[in-house]
Amino acid sequence: QDKLYVPLISKGFQHQFWQAVKAGADKAGAELGVEVTFEGPDNESQVDKQIDMLAAALAKKPAAIGFAALDSQAAIPLLKQAQDAKIPVIAFDSGVDSDIPVATASTDNIAAAALAADKLAELIGDAGKVAVVAHDQTSRTGVDRRDGFVNRMKESHPNVEIVTIEYGGGDHLKSTEITKAILTANPDIKGIFGTNEGSAIGVVNGVKEAGAKVVVVGYDSGKAQKDAVRDGSMAGAITQNPVGIGYETVKAAVAAAKGEKVEKNIDTGFYWYDKTNIDSPEISAVLYD
Amino acid sequence: MSELVRMEGIDKSFPGVHALKAVDFDLQTGEVHSLMGENGAGKSTLMKVLSGVYRPDGGRILVDGQEVSIPTPRAAQDLGIGIIHQELALMRDLTVAQNIWIGREPRLSFGRLDEAKLNADTAAIFAGMNIHMDPRTPVAGLTIARQQMVEIAKALSYRSRVLIMDEPTAALNDAEIAELFTIIRRLKAEGVGIIYISHKMDEIKRISDRVTVMRDGAYVGTVAAEETPISRIISMMVGRELTDEAVTIPDLSGAETALEVIDVSRGRELKEISFSLRKGEILGFAGLMGAGRTELARAIFGAEPIDSGEIRVHGKPLRITSPAEAVRAGIGYLSEDRKHYGLALGMDVRANIAMASLRRHCDAIGRIDEAALARVAKDYIQKLAIRTPGDRQEVRLLSGGNQQKVVIAKWLLRDCDILIFDEPTRGIDVGAKAEIYRLLNELAAAGKAIIVISSELPEVLRLSHRIAVMCEGRLTGILPGGAEQERIMELATQRNGKTAA
Amino acid sequence: MSEKASLRGSAQQKILAFASLIVLLIGFSLASPNFFQVSNIMAILQATSVNGVLAVGVTMIIITGGIDLSIGTLMTFCAVMTGVVLTWAGMPLPFGVLAAIGTGAFCGFVSGGLVARMKIPPFIATLGMMLVLKGLSLIVTGTKPIYFNDTPGFTLIAQGSLIGQFVPAFPVPNGVLVLFIVAGVTSWILSRTVLGRYTFALGSNEEAVRLSGVNTNFWKIAIYTLSGAICGIGGLLIASRLNSAQPALGLGYELEAIAAVVIGGTSLAGGRGTILGTLIGALIMSVLTNGLRVLSVAPEWQTVVTGAIIIIAVYADQMRRREAK
Amino acid sequence: MSEKASLRGSAQQKILAFASLIVLLIGFSLASPNFFQVSNIMAILQATSVNGVLAVGVTMIIITGGIDLSIGTLMTFCAVMTGVVLTWAGMPLPFGVLAAIGTGAFCGFVSGGLVARMKIPPFIATLGMMLVLKGLSLIVTGTKPIYFNDTPGFTLIAQGSLIGQFVPAFPVPNGVLVLFIVAGVTSWILSRTVLGRYTFALGSNEEAVRLSGVNTNFWKIAIYTLSGAICGIGGLLIASRLNSAQPALGLGYELEAIAAVVIGGTSLAGGRGTILGTLIGALIMSVLTNGLRVLSVAPEWQTVVTGAIIIIAVYADQMRRREAK
Ligand SMILES: Nc1ncnc2c1ncn2[C@@H]1O[C@H](COP(=O)(O)OP(=O)(O)OP(=O)(O)O)[C@@H](O)[C@H]1O
Ligand SMILES: Nc1ncnc2c1ncn2[C@@H]1O[C@H](COP(=O)(O)OP(=O)(O)OP(=O)(O)O)[C@@H](O)[C@H]1O
Ligand SMILES: O[C@@H]1[C@@H](O)[C@H](O)OC[C@H]1O
Ligand SMILES: [Mg+2]
Ligand SMILES: [Mg+2]
């Protein structure tokens, strides 16, 4: 009999975040002796591209599928198809609104962004103007992080004003330009939140190019982000546990394929890291380059 | 004299067309050798073989007695063979001088262009040709005739030993032709061999030493120009005798007025032009290059706006602001520039003939009646003797003269009450010309009102019931049919009321 | 005789155009047993449907010598308007269909007007429209997808299978059926009607057409309008496939559709092109994408191979055409 | 006389081309006090640098009547190769510069060959290249960015300010300087050299150029090669600005650059165009983007307004040109 085959359909593959998920998945694949593939569309608006990928994955008659839905509802017919074919589905990254997935390994983005809000508020003395450079206006993660951040500010930090929210598609350069424009429009701004790796690095670059003094809070990891945290150009950032997400997804998939019982919700957690704890073992374990 | 070029048994086929069938041709130094034949006989194709555009399927070419192969235009140039192509091949976005020296630009260091020398050299060539043109003029704005001049200047700039001229005078008028002939004689004296193609029979006698005739892609024969009567050459070309009738001017005093043009002006091009045209009348327009005849026709046709004046059709004043309105009002216009304004070159003969008349050949939901169009197209192909493998052949693959016939067919099919023909016989062979004259007369007899603009005075004289003459945007006079050539020339050069030399 | 020969030549060409596609199909079938199976072939066809419909629509515009960069975001905007009519206003299904097609036609009409009457280069006019429509979709929806859960049967438009009801072995999804119908009708329009004739003529020599007394502006606008309506159908299909109108979708679809058109042998210079070619072009692209995925080629290599094969396929086609002459 | 008028007209046109840009600048200055400030103007210029360089490069290709869709991913690939040479191989800075320009030139050479020798339509050839290069960047880097932390001074290429050292009031970033130098040289090449002459000639009537005995293939390849080299400079700039080679970047940059070219009055049909126009086109785009952001216009409205203004600007320019005639 051939090796078990587990494809992971993600939301992308080019971000370092996704590469870390992939690394975790590959690791689990190697340990458990299953074949793992990993792919995702170019950007998070390509809902239908992802559906086509799911369709192609189903054609390969996999043992189980890992799926990070860009839009859960849109994927339902194919998920049903998987269910009918008795292919277990494991949701990862941000969850799937459906009861088809037998398990979900994800980050609670709303809570994570709320933590970022708390941290940023604290760093600017709980008062003043801040802005958000988000990576996407419509995707689940983009929306959750924006809303988690904004709502927490409104609820718990009434003296912090969010002056603007812009979207840079996670493109480093675009996010840089956006940051500079925000700084021009709001010379008195105190803090900016970048909602994923590309956005956060863009904010750091923009602040640097404009020669401004602004507290930057980021999201995710990656070499540039770690460097920025170390040299103080970024006050700190939220990191998820992408390697863990990938690892747990594959592990759950294999278990489900073998008919074993799997835990329904695998919360892979999120962490705040800054200069002080970046080298601590529990943080460095979830950071990636 | 010595032999410059010899072509032996040249063969060339295109899909569906055997264009050259073992053709022989030779050229001596210092001679003008005319190549004659009906439209589609294969003249241009033979010359394209000689100038490296096409590679022959068979036969051989000798230059200075040496067998050569001419795979590219460059190779032809290197052998000293230059050509003026029948279909103007200019780069519209470049200036006149840039066009002329393309590929041989005078350079400074670092690949820099010596633009000053480029323009000066061009000016010198123009001076030698006795024409006035700023070397820095963009080609895009030039009339067809001016473009033709540029092509000639370009060919001269090569200082070739063999110069092929494929219908260089098709768009020129008598004065310019005379100028060109002076140049040709000069080149001849310098020992250049010239291959000359034209459908203007009178030119053949004036300029050539020998004449080679082709028919249907085959070599018919070579004769000495001097001792061979034109009628003999024509019969070699068409394989029969042609009879030409003289103009008969009908009595139109009772005829209804079809078109009135009253005080039409636009910018510097058209100045207060008034005339009228009756049903059944053929009004010829004569004038020098740039006299404004084309501009006037385009203005009447709504292709170009007018500043002031009025146009009446069948007595009703009309504001015509687009060709569509003109055609709706029953006016048709055949442009002098078939390639740019007359044909969809990539489409087939049938579609082009039908272009102005589709509405009449479709049903309520816009479905085209192809069967009817096929019939019509075949009809015109036969009537105008259009040489084509079929009505589905792309027009771009037809010879120049046959393309012109397709444009004519388009307007004949449209059947307008008022027809304006701008240089209708440009590039058309004698036989077909006679046929077109006959057609125009028939149309007039059937009550159509017709304007013919032509740079060929004999044509104007042969056709017109009245002759309008223009100079520098003004209508300087209207003469009765059959007027004296001298009188026409006088009006054609009458600047601002005064007569120039 | 020669006429027949040239007809034969062109028929030959049509068959030859399939060659690259066939080679790909055979190649992938040999490489993976999972590839040539009814369910996967249906998946490929389904994946072709949206892009195919857009490509068919834009083929007309490209034949006129124009271009339409707005097709992707227009498709989305049409899907959004369908959502507005069906989900928000709660109207019955046919109105949703009308909304998509009507919106498409209207926007096509506007683009056509910009190009024909205001003489704005098609690239700019439709680039502008692309951005405007992209923004409008986000504005109208408030950046949230609109779902069609309240319109039973909506997903059947693309996902159901009329054919499957009669021929269970070939459950061709309706989306594909729609694509073939749209392609058939458009092909008929192009080859049989006045509109089609002027489409080619405009691309071949617009000025000559105008000087033939044809109201070129009118016809150009008509062509853009029709193409827009076809985009609307594309919007309907994608909405049905995703059971939702995704307002952020759309960018990038124009390039994919135009690529299908050009791979299919239609010249961007205008004047020539066929719907059959476009269909084949669209199929080549989706067979490639699907096949490489089924072979589990690493995603970064998928792009490389796709790029290379597109070039090779077009080159091979051209070689064949030259030989056919 | 009319000939002289047309010469005069073209000088006039050049000045008028600025009009849309000026109107935008004045409008934004009035709308926000923060807009017209040295730092923001520098930010706008800096934001123009990468897109501007790409646009200048592709202008040449568009003038030949071609198109290059690969410029965005080629830029990235060049940045990656610089990273390989500087960070991985640890060579000194000049080699990194050479790597970027050399890689660009080589890829341009390949595209040129596909177009000129293999007669693949530029759209397809460069679409293929776009995909191939996109994949290659990911493959070479292992989908990880390459950082330039070990190459001190690398960020100065785009971000430093030579001019600022002499004129502290105008700290024009080096990236902008590079853009202006590239634009100046290209403009000079186009108007003064043989290569430039053939660029226009090819776009105007390629067959006529060939019939004049020019080796059109050679020159076409040369033009693509040069344009590729310019892309390489763009890759250098973006790498320097981001202090890294980001392998996933690049898609979409081609459309932006081509838009700048067309807004600047260069015709996609070939034969006409200016570098000055392209610069203005690129500036119009970045002024628009920056201005709307400074005004804090909602992002979805930013797209709508950008689309509308692009159309209006081009329309206004055309009206002016027609009047100038
Ligand atoms: N590229 C081609 N493909 C197919 N047929 C062609 C091609 N070029 C020329 N022909 C055909 O070859 C024949 C000879 O054409 P050619 O242009 O040599 O005629 P010609 O004698 O110059 O006529 P004209 O006096 O009208 O210019 C014509 O029937 C023409 O349709
Ligand atoms: N020799 C010239 N000098 C300057 N302009 C010229 C010349 N010839 C043509 N033109 C341009 O052409 C315009 C009028 O030409 P038009 O085509 O109407 O003349 P035409 O009488 O039809 O002559 P033809 O068509 O034989 O050249 C002029 O206004 C001018 O712009
Ligand atoms: O969804 C992803 C998110 O989790 C990560 O942080 O950034 C990239 C996104 O694609
Ligand atoms: Mg000829
Ligand atoms: Mg004229």
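Order of the sequence lines fixes the chain letters, A, B, ..., with proteins taken first and strands second; residue numbering starts at 1 for each chain. Note that the coordinates shown come from a computational prediction; the quantities given were computed from them, not determined experimentally.
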Between B:Phe301 and chain C, which part of the residue has a heavy atom less than 4.5 Å away: side chain, backbone, both or neither? side chain
Within the side chain of C:Asn215, is there an N or O that forms a donor-acceptor pair under 3.5 Å with the backbone of B:Ala324? no
For each of C:Phe200, C:Phe218, C:Tyr198, tally heavy-atom pairs with chain B at distances under 4.5 Å, and name the one with the top tally. C:Tyr198
Is it the side chain or the backbone of B:Arg298 that comes within 4.5 Å of chain C heavy atoms, both, or neither? side chain
Atom of B:Tyr341, atom of C:Leu211 and distance for their closest heavy-atom approach: CB-CD1, 3.4 Å
Shortest non-hydrogen separation from C:Gly213 to B:Val327 and the atoms involved: CA-CG2, 3.4 Å
Of the non-hydrogen atoms in C:Ala201 and B:Met347, which two are nearest, and what is the gap between them? CA-SD, 3.4 Å
The test is side chain to side chain contact (heavy atoms under 4.5 Å, CB included); show your working for B:Glu394 and C:Arg272 and say whether it passes. CA-CA 12 Å; B:Glu394 279 179 40; C:Arg272 56 190 63 211; 3.6 Å; yes
How many angstroms lie between CG in C:Leu195 and CD1 in B:Ile365, if you round to the nearest 0.5 Å? 12.0 Å
Heavy-atom count around B:Arg360 CZ within 6.0 Å, excluding the residue itself: above 12? yes
Find the one option among B:Ala351, B:Ala356, B:Pro323 whose heavy-atom pairs under 4.5 Å with chain C are most numerous. B:Pro323
From SG (B:Cys362) to CZ (C:Arg192), nearest 0.5 Å: 14.5 Å
Please find the pair of heavy atoms, one from B:Gly346 and one from C:Ser204, that lie closest to each other, and give the distance. N-OG, 3.5 Å
Of the non-hydrogen atoms in C:Ser212 and B:Lys410, which two are nearest, and what is the gap between them? OG-NZ, 2.8 Å
Check this for me: B:Arg215, atom CZ, are more than 12 non-hydrogen atoms of other residues, nucleotides or ligands nearer than 6.0 Å? yes
Backbone N or O of B:His340 within a donor-acceptor pair of the C:Asn205 side chain at under 3.5 Å? yes
Is there a side-chain contact between B:Leu358 and C:Arg197, using heavy atoms and a 4.5 Å cut-off? yes
